[in-house]
Amino acid sequence: MNHYQISDEDIDGVVRYLQIYHPERANREYARALLVHIQAGVQITLHELAQNPEKFETFVTAFEKTKQDDA
């Protein structure tokens, strides 16, 4: 069981990433939802993701696909 709680600092970091690579999605609501999606599906730390932008990008793509599937 994962006891990690997403922090405001984590959300801010994702928003900064999104501002560079996905400016149209760069808001706190999207960033939080993305972090929840990542947290639910993988056992990787956010620090590890921050060190590997390509891997982070795969999570953004997968998250977008789930949003489209739900629509």
Side-chain angles (χ1 to χ4, degrees):
M1 181 174 200
N2 189 347
H3 297 286
Y4 173 74
Q5 295 294 315
I6 295 170
S7 70
D8 286 338
E9 183 177 282
D10 297 331
I11 294 169
D12 292 342
V14 172
V15 170
R16 284 191 300 273
Y17 175 89
L18 293 169
Q19 286 172 335
I20 295 167
Y21 297 103
H22 300 280
E24 69 283 0
R25 299 181 190 130
N27 62 68
R28 292 183 61 78
E29 181 180 317
Y30 184 92
R32 177 175 250 306
L34 177 59
L35 288 170
V36 168
H37 175 77
I38 291 169
Q39 185 178 34
V42 298
Q43 294 299 316
I44 187 170
T45 68
L46 295 174
H47 178 74
E48 290 171 317
L49 282 175
Q51 300 303 312
N52 190 338
E54 294 82 19
K55 183 175 278 190
F56 192 84
E57 191 61 27
T58 64
F59 289 111
V60 174
T61 302
F63 180 60
E64 278 301 305
K65 183 171 178 1
T66 64
K67 289 179 65 171
Q68 291 171 1
D69 290 348
D70 291 342

How far does CG of L34 sit from NZ of K67, to the nearest 0.5 angstrom? 9.5 Å
Decide if the gap between the ring center of Y17 and the ring center of Y21 is smaller than 6.0 angstrom. yes
Do you know the tightest heavy-atom contact between A26 and V15? CB-O, 4.1 Å
Using distance alone, with no hydrogens and no angle criterion, decide if E64 and H22 have a side-chain donor and acceptor under 3.5 Å apart. no
Distance col, row R28:CZ vs D12:CG, nearest 0.5 angstrom, shows 4.5 Å
Can you measure from CG (N27) to CZ (R32) and round to the nearest 0.5 angstrom? 12.5 Å
Distance col, row F63:CZ vs R25:CZ, nearest 0.5 angstrom, shows 9.5 Å
Closest approach of A62 and H37, non-hydrogen atoms and distance? C-NE2, 4.2 Å
Test of understanding: with side chain to side chain contact (heavy atoms under 4.5 Å, CB included), list the residues that count as partners of S7, not counting sequence neighbours. Y4, E9, D10
I6 CD1 to I38 CD1 distance, which is reported to the nearest 0.5 Å: 8.5 Å
Would you say that more than 12 heavy atoms from the other residues, nucleotides or ligands in this model lie under 6.0 Å from the CD of E29, or not? no
